[in-house]
Amino acid sequence: MDLGGTNIRVCSVDLHGDSTYNVKKSKMTIPRKLMVTRAGHELFSFIAERVDTFLKTYHPIFLNKSSYPQIISLGLTFSYPVYQSAVNSGILLRWTKGFDIPDIVGQDVCRLLQREIDLRHLPIKVTALVNDAAGTIMSRAYTLPVSSTRTSMGVIFGTGTNCVYLEKLSNIVKPMEGSYDSSTGEMFISTEWGSFDNQLSVLPNTKFDAKLDKVSLNPGDQMFEKRVAGMFLGELLRIIVSEMHTDPEINLFPAYRSNNERKINKNQPALLTRWSVDSSILSVAEADSSDRLGILRAKIEEELGIPSPLVSVEDAQAVKMITHAIGKRAARLAGMAVGAVVLKSQRLHEVKVSTEGYCEKLVDDSDLKTTIGIKADRSGISADQHTIDIAVDGSLIEFYPNFEKYMRQAIRVIEGIGVPGEEKIHIRIAKDGSSVGAAIIALLASQQVMVSSSST
Ligand code: GLC
C-alpha cells in the first residue's frame, strides 16, 4: 500500500527470489477532501477500502479463510516524516506535500491503518512502514544480481523529494530508541532533505520563491523541496508568468490581454488560479525545440488556460526560458544534495573508477494492470563493483529532459567529488520502486517475526 503525494497505489507483489517478480497493481488519485480535513480516520478508512476492493478484484481467494488460512503481510509506504521506532510502527511528525490532517500528527500510522483493516475483517497484518525513498533502494537492490554492487542511496524527485542512504551505525551519534537489528553494522537514514535549510542561509530565494512559500500550507517549512519538487514547480512558474502578464511593462500574452479587454471574460484562467498548473509543463517546454513551439503552446492552453491562437511564439519562448531556469535550478540543487550525501557516506573512497556512463532505465512496464514478469536489470554487472549505485524514482527525474545531466554538472563541481568522483555515480530509475520495495521489506519483516517466534 503506497500513499504518495498525488496517488494511492495498492499492489500485490510475487517475489520469485531470483531478482524477478510479478506485480498486480491499481492506482487512484487521492481525493482532495481527504488530504485537508479534520476527520483523520477518513483517510485510513479510504485506504483500507482500497485494499479491500483490490483483494476482491485480484485475489478473492485470499478472502476465503477455509481455502487460504494465511495472513497477508502488508508494507505501508508512507512518504511523510515519521519517527520510526520499529519496522512496523512510526509516529507522524508533520505533514508535507499538501496534506493537512492535524489529528493524525503524533499518531502511529500503522496502528491507524490496522484498525481500519480489522474493522473490515481483512486477513492482513501491517508488518512494515516504509518511506518511498527506502522502498526505491530495496526494489533496485532486489533486481540487481547478488554478486553486484549494493545500492546505497534511494532518491525521490517527484511530487516531493527525499533521500534515504545507508549509514554506518558507528557514525550515528543520536540516541536511538526501539528495536533494530545491528548485525550488519548499518542502518537506513531518511534524511528528509525536503526541509534542508529552512532558515534559508544558503538556498537561493527569489521574490517568487517567497511568494510561493507564503501561500503554501506550511510556510517556512520544506524550503529545499519547494525549490526542487514537482508539487511546487508548476506553481512557481504560474506565479512568475502571471506577474509578467499583469505587469503592463512586460505584457506577456498581449493578445490574450486585449482579447479579454474586448470581451470581459468572467472565468478566471488557470494562469491566475493558485496551484492550478501541473509541473509537467516544465518537461514539455524543455523538450519542445521546434521553431514555432507548437507543442508548448498547446500545453500553455491546457495548463494556463490561454487559447493557443492567442499565445505568440515570443510568449512561448519566454515561458520556455522561465521553465528552463526553474528546472535547471531544481536539478542543480538536486545534484548538490546528492553530492553532499555521497560525501557524507564516505563511499567514494571505497570504489574504483567505473567505465560506465549515464542513467539506464530499468525495464519498465508502467501501465500494467495484470500480472507480468519483470526482468532483472543485469546491465553493467562487471562495472557495478566500481560504482556508487543510486536508485531514483519520480516524475521529474523520469520525464524532465536533462534533469540528470544538470544534476551531474553540479555534482562535478563539488569539492571532494570532481569529474572522477561523478563518474563513479550511477543513477538508475527504479520505476514504482517505492511500492515494490515496501513489499520486499514487508516480507523480510514477517520472516523475522516468524524466526523470532519460532526461536522462543
Ligand atoms: C516529502 C516527504 C518525504 C518523502 C518525499 C518524497 O518530502 O516528507 O517523506 O520521502 O516527500 O515523496
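What you see below is based on every heavy atom in this structure, not just the backbone, and it leaves out hydrogens, waters and symmetry mates. For ligands, and for the atoms within them, numbers begin at 1 and follow the listed sequence. Bear in mind that the values here come from a model prediction, so they are computed numbers and not experimental data.
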Among all protein non-hydrogen atoms, which one is nearest to [atom], and what is the separation to 0.1 Å?
atom: atom 2 (C) of ligand 1; answer: S79 O, 3.2 Å
atom: atom 7 (O) of ligand 1; answer: E225 OE2, 2.4 Å
atom: atom 8 (O) of ligand 1; answer: E192 OE1, 2.7 Å

**Prompt:** So, S183 and D181: side-chain donor and acceptor under 3.5 Å apart, yes or no?
**Reply:** yes
**S201-D197 side chain donor-acceptor pair, cut-off 3.5 Å** = yes
**Request:** Check whether more than 12 heavy atoms from other residues, nucleotides or ligands sit under 6.0 Å from atom CD1 of I295, and answer yes or no.
**Result:**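 No, the 6.0 Å shell around CD1 holds no more than 12 heavy atoms from other groups.
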**Message:** Closer than 4.0 angstrom, basic N to acidic O: yes or no for D213 and K226?
**Reply:**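 Looking at K226 together with D213, the answer is yes, because their closest N to O distance falls below 4.0 Å.
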**Item:** Sequence-distant partners of F78, ring pair (Phe, Tyr, Trp, His ring centres under 6.0 Å), two or more places apart
**Value:** Y80, W95
**Prompt:** Name the one of K424, R150, R140 that satisfies side-chain hydrogen bond (donor to acceptor under 3.5 Å, both in side chains) with D389?
**Reply:**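 Passing option: R140.
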**Message:** Is the contact between T159 and ligand 1 made by the side chain, the backbone, both, or neither, using heavy atoms and a 4.0 Å cut-off?
**Reply:** neither
**Asked** Is there a heavy atom of G194 sitting under 4.0 angstrom from any atom of ligand 1?
**Response**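 No heavy atom of G194 comes that close to ligand 1.
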**Item:** Sub-4.0 Å heavy-atom contact, A133 with ligand 1
**Value:** no
**Item:** Nearest-option assignment for atom 12 (O) of ligand 1, heavy atoms, candidates I156, D132, L93
**Value:**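 Comparing heavy atoms across I156, D132, L93, the nearest one to atom 12 (O) of ligand 1 lies in D132.
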**Message:** Students often mix this up, so state it plainly: with edges at 30° and 60°, are the rings of H324 and Y406 parallel, tilted or perpendicular?
**Reply:**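 H324 and Y406: perpendicular rings.
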**Per-atom contacts of ligand 1 with Q222, taking only distances under 4.0 Å to non-hydrogen atoms** =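 Near Q222, meaning under 4.0 Å from one of its heavy atoms, ligand 1 has 7 (O).
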**Asked** At a 4.0 Å threshold, what atoms of ligand 1 neighbour a non-hydrogen atom of T96?
**Response**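 With T96 as reference, the close atoms of ligand 1 come out as 1 (C), 2 (C), 8 (O).
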